[in-house]
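Structure first, commentary second.
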2 protein chains.
Amino acid sequence: MADAQAQILDAAEALFARQGFAATTIKAIGHQAAVNPALLYYYFPDKAQLYHAVLERRLATAAREVAQKLRPDAPAPEAIAQAIRAYATLMRQTPYLPRLIARELADHEAAHALPLIREIAAGLFQRLCEVIRRGQDRGELRADLAPQFAAISTIAQVAWFFVAQPAVSRLLGFDGAVPADEIERYTEHVIRYAMAALTPDARRPTRARKRARR
Amino acid sequence: MADAQAQILDAAEALFARQGFAATTIKAIGHQAAVNPALLYYYFPDKAQLYHAVLERRLATAAREVAQKLRPDAPAPEAIAQAIRAYATLMRQTPYLPRLIARELADHEAAHALPLIREIAAGLFQRLCEVIRRGQDRGELRADLAPQFAAISTIAQVAWFFVAQPAVSRLLGFDGAVPADEIERYTEHVIRYAMAALTPDARRPTRARKRARR
DNA sequence: GTCTATAGCGGGATAGAC
DNA sequence: GTCTATCCCGCTATAGAC
């Protein structure tokens with residue numbers, strides 16, 4: 001058995017992700033962690049800070065992994081494809097992360113969300129926008145899409161899939177969670193879909209293509 | 001002043017959407033509705049059924065509006081563009097709907113979600129898949145994308161934008177909500193992005209194109 | 001239909017034994 | 001470090017006056 005603190009964090013993570021902060025009781029966390037509920041107060045000052053600890057444990061490492069793939073100097077299509085893969089892998093390996101993030105966004109009106117989350121979201125987003133903008137300048141990507149919107153469209157496909165996972169799973173005809181190989185297939189689909197949307201089409205000369213021809 | 005029942009439903013909708021079911025108290029709803037909290041129990045049997053009433057009031061009409069646009073016999077690109085517009089308009093006019101739906105998906109593990117939600121989600125999704133499948137058969141859409149995945153990618157772009165609205169708004173540089181004209185611009189962007197992803201590319205002959213040439 | 005008062009329960013958090 | 005016992009508060013829901 002791992003040490004109690006880790007047990008508690010794991011249990012809390014699962015419950016906060018599935019039910020939200022308010023609906024999750026200290027007693028339920030203790031039960032799920034197979035630990036005496038009063039013990040939570042030995043490791044954490046109160047429920048709110050336990051929640052923050054849960055988020056921080058995941059986020060710090062997670063953000064770095066995705067950001068690494070977004071190199072503005074690399075060819076944009078490759079960089080974006082790699083980032084999508086990294087993001088999907090992360091979400092698959094950390095199954096509760098998407099819902100934790102989604103709750104943070106929905107519950108706290110963003111203004112009161114953890115500063116850590118705000119920073120990470122803004123950092124990754126700016127970075128992706130930058131990659132897209134450079135790709136457009138080089139003619140690798142269509143120039144008639146607003147970079148911010150293109151970034152949102154691309155992120156949304158992965159983010160929504162994982163956030164709505166329970167429902168998506170049913171819609172795809174599975175009973176419990178979506179099987180790992182299906183997630184991988186979806187990830188590769190997103191890359192194809194996003195690439196088709198983002199790269200210039202021979203039939204539709206874009207400003208970037210004209211620029212590239214000079 | 002509208003009748004008390006409507007006041008209560010409006011207040012409950014706003015609070016459930018922003019904070020979730022568990023974090024919303026009867027007293028807060030009464031306060032927000034400018035109504036005595038005990039009065040809620042005159043109109044609704046308990047908190048859970050008030051919540052259901054909130055959802056049902058919105059969902060019944062909402063689903064029909066979007067489904068109407070998804071005519072499998074119409075040209076797929078037009079049908080999809082219309083559906084995206086209808087969906088976005090609906091979400092814009094019913095600002096709390098996206099978060100209510102997202103919470104329903106995240107909280108209830110889909111299996112225990114309101115049957116009404118399950119039906120609507122499944123119905124709309126099947127319908128969109130059907131439109132895509134027919135479009136592929138007619139050569140209007142790329143045939144190398146799985147229809148279910150293509151449907152998820154397309155829906156996700158709009159759904160995520162609205163669910164993550166508070167955060168998205170900040171990322172786009174706005175302070176409060178995203179202004180209406182920016183939402184409209186994003187909607188048109190999604191249509192362009194989705195169309196580029198879904199329609200065949202001259203450089204990349206697809207099975208559907210070959211089929212269409214016969 | 002609307003309000004006051006309150007019952008009754010379950011939650012977060014603490015004291016203190018071991 | 002872990003457990004028992006318990007306090008106190010705020011919540012849902014009801015009884016009953018008006």
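Chain naming here is simple, since letters A, B, ... match the order of the sequence lines and numbering starts at 1 in each. The shown structure was predicted, so the numbers you read here are calculated from the model rather than taken from an experiment.
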Using whole Å, what does the distance between atom [atom2] of nucleotide [N] and atom [atom1] of [X] come to?
{"X": "A/Leu15", "N": "C/dG11", "atom1": "CG", "atom2": "P", "value": "13 Å"}
{"X": "A/Tyr41", "N": "C/dG11", "atom1": "OH", "atom2": "P", "value": "12 Å"}
{"X": "A/Gln49", "N": "C/dA13", "atom1": "CD", "atom2": "P", "value": "10 Å"}
{"X": "A/Lys27", "N": "C/dG11", "atom1": "NZ", "atom2": "P", "value": "6 Å"}
{"X": "A/Tyr43", "N": "C/dG12", "atom1": "OH", "atom2": "P", "value": "20 Å"}
{"X": "A/His31", "N": "C/dG11", "atom1": "NE2", "atom2": "P", "value": "13 Å"}
{"X": "A/Ile29", "N": "C/dG12", "atom1": "CD1", "atom2": "P", "value": "8 Å"}
{"X": "A/Lys47", "N": "C/dG10", "atom1": "NZ", "atom2": "P", "value": "16 Å"}

- Taking only the side-chain nitrogens and oxygens of B/Tyr42, find out if one of them lies under 4.0 Å from OP1 or OP2 of C/dT2. no

- Query: In terms of side-chain heavy atoms of A/Ala38, which of C/dG12, C/dC3, D/dT4 is nearest?
  - Reply: D/dT4

- Query: Looking at D/dG1, C/dC3, C/dG1, which one has an atom nearest to any side-chain atom of B/Asn36?
  - Reply: C/dC3

- Residue of the set A/Arg127, A/Gln126, A/Arg134 for which side chain to side chain donor-acceptor pair (under 3.5 Å) holds with A/Glu130: A/Arg134

- Using a 4.5 Å cut-off on heavy atoms from C-beta on, say whether the side chain of B/Leu9 contacts that of B/Leu50. yes

- Query: Base, sugar-phosphate, or nothing for A/Leu39, non-hydrogen atoms under 4.0 angstrom?
  - Reply: base

- Query: Which distance, rounded to the nearest 0.5 Å, do you find between the CG of A/Leu171 and the CZ of B/Arg118?
  - Reply: 10.5 Å

- Going by the salt bridge (Lys or Arg N to Asp or Glu O under 4.0 Å) test, name the single residue among A/Arg99, A/Arg18, A/Arg58 that passes it with A/Glu13. A/Arg58

